[in-house]
Protein chains: 2
Amino acid sequence: MQQAWEGGIMANIKDIAKLAGVSVTTVSRVLNGHPYVSKAKREAVLQAMETADYERNINAVHLSRGRTNLIGVVVPYITRPYFGMVVEGIADEAIKDNYKLVLIQSNYEAERELDALMMLKLKQIDALIICSRTCSWEIVDEYVQYGPIIVLEDGRGHQVSSIFMDHYQSFTRALTYLRGKGHYKIGYCLARQSSPNSNLRESAYRDFYMNRNEAYNHDYMFYDCVQLEDGEWIMQRILKMDDPPTALLVTSDQVAAGILSFCRENGIEVPGQLAIVGFDNQPIARMMHITTFEIPLVEIGRRALLQAVDGSQAHEEIHLNLIERQTV
Amino acid sequence: MQQAWEGGIMANIKDIAKLAGVSVTTVSRVLNGHPYVSKAKREAVLQAMETADYERNINAVHLSRGRTNLIGVVVPYITRPYFGMVVEGIADEAIKDNYKLVLIQSNYEAERELDALMMLKLKQIDALIICSRTCSWEIVDEYVQYGPIIVLEDGRGHQVSSIFMDHYQSFTRALTYLRGKGHYKIGYCLARQSSPNSNLRESAYRDFYMNRNEAYNHDYMFYDCVQLEDGEWIMQRILKMDDPPTALLVTSDQVAAGILSFCRENGIEVPGQLAIVGFDNQPIARMMHITTFEIPLVEIGRRALLQAVDGSQAHEEIHLNLIERQTV
DNA sequence: GTAATCTATGAAACGCCTTCCATGTCAAAC
DNA sequence: GTTTGACATGGAAGGCGTTTCATAGATTAC
């Protein structure tokens, strides 16, 4: 299918070659900045491109090279600030390396993630960054042969690159910190019940109590806590308890903010009656003075992109810092 | 460049044709679900594809078709909830139509937006949705010939599709509403000083006061207000005023939330001392009971994608509804 | 002075799929 | 009994760069 061009037809490399009186090879060399082109011919080619208003057919380049300079990014929901920040970092870095991003919003549906993996297989994207995995490792492992896959969770033991946080340690630290402040009845709010990160956190919690030979209350565990609004039902449930927790580890500042907001409106003193530790250090945590673990999400996004471009396998662990503010 | 394949080489359509004993045309027909293929051959082809673990080279398809099923989306910052919600809508709808998104974060740099326009020209994307424009109309107009361009602002008079809000009317309505509540000293907080949407709002403001032969105070106008944190400096400035505004039109719920939060912490009564009207109806507005104009951002994103796919030119105007809560 | 390099250049192969056009069969229509 | 149209199938012409290989003159090396 020929392309429209002002006054005729979109020029292609052949036309340019003819116009400049050289071979297509030479034009290609000029196009790609290869050496071994005489100054005279280079100029003739540039002139011809100018005259014909030439633009490379990028799809032909992709076909020929077998690469697209496109990198896939899978996020469950782009509206969640956590993922927004990661994508921001990825996008910032992508520009520098002349990559573009293909955004795949998975809604945590395996099928959509599979779609993204398939794009990698079909070489529509050069690499894939999975910000929160839905597919099983078995499936992901099948696709590593087609290109770099980067995950934001502990990927050691798999042929992927990964950049992940020390959730076990952070949770342990948070628990110790709260214990130091006299809290024994500590609850937590997680996002997905059985995500890799959640598992890590739950083991940290279990171990913390087991190591001390103490029992813990299953009512203090909340799942599917992801957004502001979730603060409300969490607190409603806590209010109904005979023996409510005195502290809450909340793995998203959004949820922490929702909880805190509810408390303020309902006269529940924070940290007096309820201490709150958030995660992420999002703007809202700063605004509401929430004590939280800082996660350098933008930076993580950047590094993920670099890993994607680099292609060599690596595993980076990120240590989180606790920022003490006013909710503990 | 041949592709690796288990035990040899990635099969291509020719291999399949040979394996199935048919022509490549027939294979292509099966691949694309065209009619006029006998059941026997169709099955033979499917069998062959199975055997050879065939996958189409998507880049070849793109080259051949001159389309990529990719749609570009330009947003200044993906972390801003406003754009996050729009992109969410776009992504939701894109999946249904089997389109993927290429995300271009412009940071309001014209060059990056130009990059996106260039992708359209090079047919790397089939259409482009510009959520907040940076380039001049002259430039955009040049690129409409290469494919559908959709803008989220009033695009009437240009060869683009557009979906936009009645900002003039909404602002007028908000002002009337506040006046009805006894407010004369009304200020506003805008994002970019000279964006199309801001201009609309400023004219509404000016007209409102001019029509009444009243003067207005230039100190009451705040620009570059986009995120939570901006609430603070806005309020700091207001606190320093001898004659501060009694009401504020804030064109982002994020900023409104920041302002409200500051007020609560500093004993400024809302709406007693300061009334606040937000825009967007984001989750945070619901949580903080902010009176706000609802903008159906996700739905707008959806429609934008539909316009992109559809390709026919259209201009949709969206009317905003005021949601009365507790800040006026 | 001759071998080894470097510089320049182009033909042709390669990446791979879609689609137009031509051809042929078979059954329904008149 | 012939015409018409639906159904089937394949050849070949696109769509367009990149890259390998071959060739040859110009230098440099020893």
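What you see is a predicted model; the values in this text were computed from it and never measured. Convention: sequence-line order gives letters A, B, ...; per-chain numbering from 1.
Listed by first and then second residue, the salt bridge (charged side-chain N to carboxylate O under 4.0 Å, His left out) pairs that reach into residues 25-42 of chain A come to none, sequence neighbours excluded. Applying the side-chain hydrogen bond (donor to acceptor under 3.5 Å, both in side chains) definition to pairs two or more places apart or across chains, those involving residues 17-27 of chain A are A/Ser23-A/Thr26. Residue pairs meeting the ring pair (Phe, Tyr, Trp, His ring centres under 6.0 Å) criterion with at least one partner in residues 55-98 of chain A, sequence neighbours excluded, do not occur; the list is empty. Every pair passing salt bridge (charged side-chain N to carboxylate O under 4.0 Å, His left out) that includes a residue from residues 77-92 of chain A is listed here, sequence neighbours excluded: A/Asp92-A/Arg302. Counting only residues at least two apart or in different chains, salt bridge (charged side-chain N to carboxylate O under 4.0 Å, His left out) contacts with residues 141-163 of chain A comprise A/Arg133-A/Glu153, A/Asp154-A/Arg156.
Distances shown here put a side-chain N or O of B/Thr26 below 4.0 Å from the OP1 or OP2 atom of D/dG10. Between A/Arg67 and D/dT18, a side-chain N or O to OP1/OP2 separation shorter than 4.0 Å is absent. Using a 4.0 Å cut-off, no side-chain N or O of A/Tyr36 falls inside it from OP1 or OP2 of C/dA8.
Between B/Lys14 atom NZ and C/dC16 atom P there is a gap of 10 Å when expressed in whole angstrom units. Rounded to whole Å, the distance from CG on B/Leu31 to P on C/dC16 is 14 Å. If you measure from atom CD1 of B/Ile16 to atom P of C/dT18, you get 13 Å, rounded to the nearest angstrom. The CG atom of B/Asn57 sits 12 Å away from the C1' atom of C/dC14 (whole-angstrom rounding). The OH atom of A/Tyr54 sits 12 Å away from the C1' atom of D/dG15 (whole-angstrom rounding). As rounded to whole Å, 12 Å separates atom C1' of D/dC16 from atom NE2 of A/His62. The CG atom of B/Leu63 sits 12 Å away from the P atom of C/dC16 (whole-angstrom rounding). Separating the NZ atom of B/Lys123 from the P atom of D/dG15 is a distance of 13 Å, rounded to the nearest angstrom.
Place A/Glu55 and B/Gly21 on DNA chain D by their nearest nucleotides, and B/Gly21 ends up nearer the 5' end.
Among residues two or more places apart in sequence or in another chain, the side chain to side chain donor-acceptor pair (under 3.5 Å) test is passed with A/Ser198 by A/Ser195. Residues passing the side chain to side chain donor-acceptor pair (under 3.5 Å) test with A/Asn107, sequence neighbours excluded: none. For A/Asp126, the side chain to side chain donor-acceptor pair (under 3.5 Å) test picks out A/Thr68, with sequence neighbours left out. Residues meeting the side chain to side chain donor-acceptor pair (under 3.5 Å) test with B/Glu317, sequence neighbours left out: none.
Within 4.0 Å of A/Val27, counting heavy atoms only, lies no atom of the nucleic acid at all.
Residue B/Ile90 is tested with B/Ile300, B/Val298, B/Leu101, B/Ile150 for a side-chain contact (heavy atoms from CB on, under 4.5 Å); the sole match is B/Leu101. Test A/Val74, A/Leu128, A/Leu122 against A/Leu117 for side-chain contact (heavy atoms from CB on, under 4.5 Å) and you get one pass: A/Leu128.
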So which protein N/O to nucleotides 3-5 of chain D N/O distances come out below 3.5 Å?
none

N/O contacts under 3.5 Å, protein versus nucleotides 19-28 of chain C?
residue, atom, partner, partner atom, Å
C/dT19, O4, B/Thr25, OG1, 3.3

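Atom CG in A/Asp310 sits 7.5 Å away from atom OG in A/Ser161 (nearest 0.5 Å).
If you check residues 37-49 of chain A against DNA chain D, you find no residue with a heavy atom closer than 4.0 Å.
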